[in-house]
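The chain is numbered in sequence order, starting from 1.
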Amino acid sequence: MELLVTPSDNPAPARLRTLRRRLPLPVGQPQPGAPLRARQKRGLLTTSALIAMGAMALSGCGGSGGAGGDEGAKDTSGIKFKVSAQDGAVDAGLSTGVRVSGGRLTDVRLVQVDNGATVKGAIAADGTSWKPSAQLARGTKYKLVANAKDDKGRTATENATFTTVSAKHSFTASYTPDDGKTVGVGMPVSFNFDKSIADRKNVQSHITVTSSSGQQVVGHWFGAQRLDFRPQEYWKAGSKVTMKIDLEGVKGGGNLTGVQSRTVTFTIGRSQVSTVDMHTQTMTVVRDGKAIKSVPISGGSPKNPTYNGQMVISEKLAQTRMDGSTVGFSNPGDSYDIPDVPHAMRLSASGTFLHGNYWGNPSVFGRTGTSHGCVGLRDNKGGGGETPGKWFFDQSLVGDVVVVKNSPEQTVKPENGLNGWNLSWSDWQAGSAL
């Protein structure tokens with residue numbers, strides 16, 4: 001280029017000028033004889049145009065840089081969004097929402113892509129987060145658009161599209177007790193997962209159970225799908241128990257991802273522990289350390305004795321049907337089907353109940369065992385009137401403890417119902433994955 005634009009007052013050597021005249025000129029070049037200054041000016045214009053085009057190309061690759069250089073950057077807000085699922089994710093949690101810093105959310109829209117249905121949700125009072133009002137559907141694609149504004153009125157928008165984890169590759173759990181409940185001192189926290197958990201340590205580490213009493217609470221696995229928590233001794237009466245379930249996005253092994261995130265709080269009521277003595281066929285009810293009543297019972301017969309051990313009331317039913325064929329009693333002479341058993345309280349998953357009995361002769365209560373393994377209290381058909389069955393039902397909470405002793409039967413297995421109290425503390429701790 002320097003040879004073509006050499007100023008006329010500093011001419012190139014004659015040999016070079018001669019060489020230039022002999023070479024064929026490209027199309028568009030000035031014809032020989034054109035003034036040297038004209039050629040020089042045109043060369044400078046071409047160079048300047050190339051430089052300008054390069055500058056334009058560079059600024060076009062500048063990404064999110066604000067237009068106008070530094071002055072434009074001053075007008076860019078500092079709002080930052082954080083969606084709890086990455087854009088394009090295919091394993092998003094069912095509580096996916098959005099948080100913002102450097103500003104406040106003004107509106108958030110989350111829609112189901114396949115049908116355009118809008119998901120209901122709410123912006124937090126401080127304007128920094130939004131979450132759906134209910135869990136999202138599994139294996140479903142969603143589109144999120146979030147708008148925010150900072151304290152200078154500058155706005156920003158975030159877009160994200162994601163698909164929630166499928167039912168095949170996700171796990172969830174039912175649990176007891178429910179939020180806000182008041183339960184007895186023997187009530188464990190119990191999780192039943194809908195899939196087998198391979199990485200039990202990771203899953204257990206994302207569930208914490210604490211008590212206002214300060215009691216140490218430890219988890220124990222019964223197989224790959226059940227995890228219970230309890231302290232060494234019964235819960236302290238009147239204490240508050242909190243369980244934090246932080247399983248959203250947690251890996252459970254085998255390509256399984258958790259989809260739950262919730263905090264549950266329940267209250268421990270007064271202490272009530274009732275002891276059934278099969279030798280005397282009586283039940284002594286102790287509340288807050290004091291015996292308040294002795295109730296005649298009729299336990300399991302010699303052929304079908306009642307389990308020994310500490311059992312927790314896991315369910316209360318004002319009336320229920322009891323069909324012996326569902327628990328293995330289907331042979332003639334041994335079967336039963338009672339459609340309206342009153343005041344039934346479940347003590348084991350295998351069918352042990354403490355319930356009202358209106359069909360038995362009143363003389364058997366307090367004298368002999370006649371049942372198929374349940375503990376019966378005198379009652380009326382329909383559950384009316386003031387009877388021992390109704391009294392105990394009204395006085396009991398889910399989570400109260402019923403201890404059976406002096407039965408010829410074995411001790412109930414700890415996983416049969418909510419009956420982990422039949423494990424020693426050291427054996428209970430040995431079942432923890434942590």
With sequence neighbours left out, which residue pairs that include part of residues 230-255 fulfil the ring-ring contact (aromatic ring centres under 6.0 Å, His included) condition?
-> Tyr234-Trp421
Can the positive tip of Lys316 be found less than 6.0 Å from the middle of the six-membered ring of Phe393, inside 45° of the ring normal?
-> yes
Do Gln410 and Asn308 have side-chain heavy atoms sitting under 4.5 Å apart?
-> no
Lys120 versus Pro132: any side-chain heavy-atom pair under 4.5 Å?
-> no
For residues Ile79 and Val100, determine if any side-chain heavy atom of one lies less than 4.5 Å from a side-chain heavy atom of the other.
-> yes
Considering residues at least two apart in sequence or located in another chain, which fulfil the side chain to side chain contact (heavy atoms under 4.5 Å, CB included) criterion with Asp126?
-> Ala124, Thr128
Can any side-chain N or O of Ser298 pair as donor or acceptor with the backbone N or O of Gly376 at less than 3.5 Å?
-> no
Less than 4.5 Å apart, any side-chain heavy atom of Ser396 and any of Asp394?
-> no
So with a 6.0 Å cut-off around NZ of Lys82, is the heavy-atom count from everything else above 12?
-> no
Is there a donor-acceptor pair closer than 3.5 Å between any side-chain N or O of Glu248 and the backbone N or O of Ser95?
-> yes
More than 12 foreign heavy atoms under 6.0 Å from CD of Gln319: is that the case here?
-> yes
Quick one: side chain to side chain contact (heavy atoms under 4.5 Å, CB included) partners of Val327, sequence neighbours excluded?
-> Phe329, Tyr336
Heavy-atom neighbours of Lys236 NZ exceed 12 at 6.0 Å = no
Quick one: does Arg378's side chain get under 4.5 Å of Pro296's, heavy atoms only?
-> no
What pair of heavy atoms forms the shortest contact from Ala291 to Thr284, and how long is it?
-> CB-CG2, 4.2 Å
Can you tell me if CD on Glu386 sees more than 12 non-hydrogen neighbours from other groups inside 6.0 Å?
-> no
How about Asn192: does its CG atom have over 12 heavy atoms from other parts shown lying under 6.0 Å from it?
-> yes
Under the salt bridge (charged side-chain N to carboxylate O under 4.0 Å, His left out) rule, collect the residues that match up with Arg346, sequence neighbours excluded.
-> Glu315
Examine distances only and state if a side-chain atom of Ser239 and a backbone atom of Ser211 form a donor-acceptor pair shorter than 3.5 Å.
-> no
Name all residues meeting the side chain to side chain contact (heavy atoms under 4.5 Å, CB included) criterion together with Asp323; count only those two or more places apart in sequence or in a different chain, and write none if there are none.
-> Arg321, Ser325, Thr326, Asp337
Looking only at heavy atoms, what is the nearest atom pair of Val165 and Ser170, with distance?
-> CG1-CB, 3.4 Å
Would you call Lys143 and Asp114 a salt bridge, using N to O less than 4.0 angstrom?
-> no
Any donor-acceptor N/O pair, Asn147 side chain to Thr106 backbone, under 3.5 Å = no
Exercise: identify the closest heavy-atom pair between Val209 and Val189 = CG1-CG2, 4.1 Å
Electrostatic pair Asp228-Arg226, nearest N-O below 4.0 angstrom | yes
Tightest non-hydrogen contact, residues Trp425 and Gln216, listed as CZ2-OE1, 4.1 Å
Sub-4.5 Å side-chain heavy-atom contact between Val402 and Ile313 = yes
Checking Asn202 side chain against Gly252 main chain: does a donor-acceptor pair fall under 3.5 Å?
-> no
Indicate yes or no for a side-chain donor-acceptor contact from Asn416 to the backbone of Ser350 under 3.5 Å, with no hydrogens or angles considered.
-> yes
Should the pair Phe193 and Phe191 be assigned to parallel (<30°), tilted (30 to 60°) or perpendicular (>60°) ring geometry?
-> parallel
For Ser212 and Lys240, indicate whether the former's side chain and the latter's backbone hold a donor-acceptor pair under 3.5 Å.
-> yes
Are the side chains of Val375 and Thr306 in touch, meaning some heavy atoms are under 4.5 Å apart?
-> yes
Determine, for Arg138 against Asp91, whether the closest basic-nitrogen to carboxylate-oxygen distance falls under 4.0 angstrom.
-> no
Give a yes-or-no answer on whether the side chains of Gln215 and Ser213 include a donor-acceptor pair shorter than 3.5 Å.
-> yes
Is the NZ or CZ atom of Arg230 both under 6.0 Å from the centre of the six-membered ring of Trp428 and within 45° of that ring's axis?
-> yes
Do the non-hydrogen side-chain atoms of Phe162 and Leu136 ever get within less than 4.5 Å of each other?
-> yes
Which atom pair, heavy atoms only, marks the closest approach of Asp340 to Tyr358?
-> OD1-OH, 2.5 Å
Which atom of Lys168 lies closest to which atom of Leu256, heavy atoms considered | O-CD2, 3.6 Å
Test salt bridge (charged side-chain N to carboxylate O under 4.0 Å, His left out) applied to Arg287 - qualifying residues, sequence neighbours left out | none
Salt bridge (Lys or Arg N to Asp or Glu O under 4.0 Å) between Lys390 and Asp379: does it pass, once the steps are laid out?
-> CA-CA 7 Å; Lys390 182 178 186 304; Asp379 213 327; over 6 Å; no
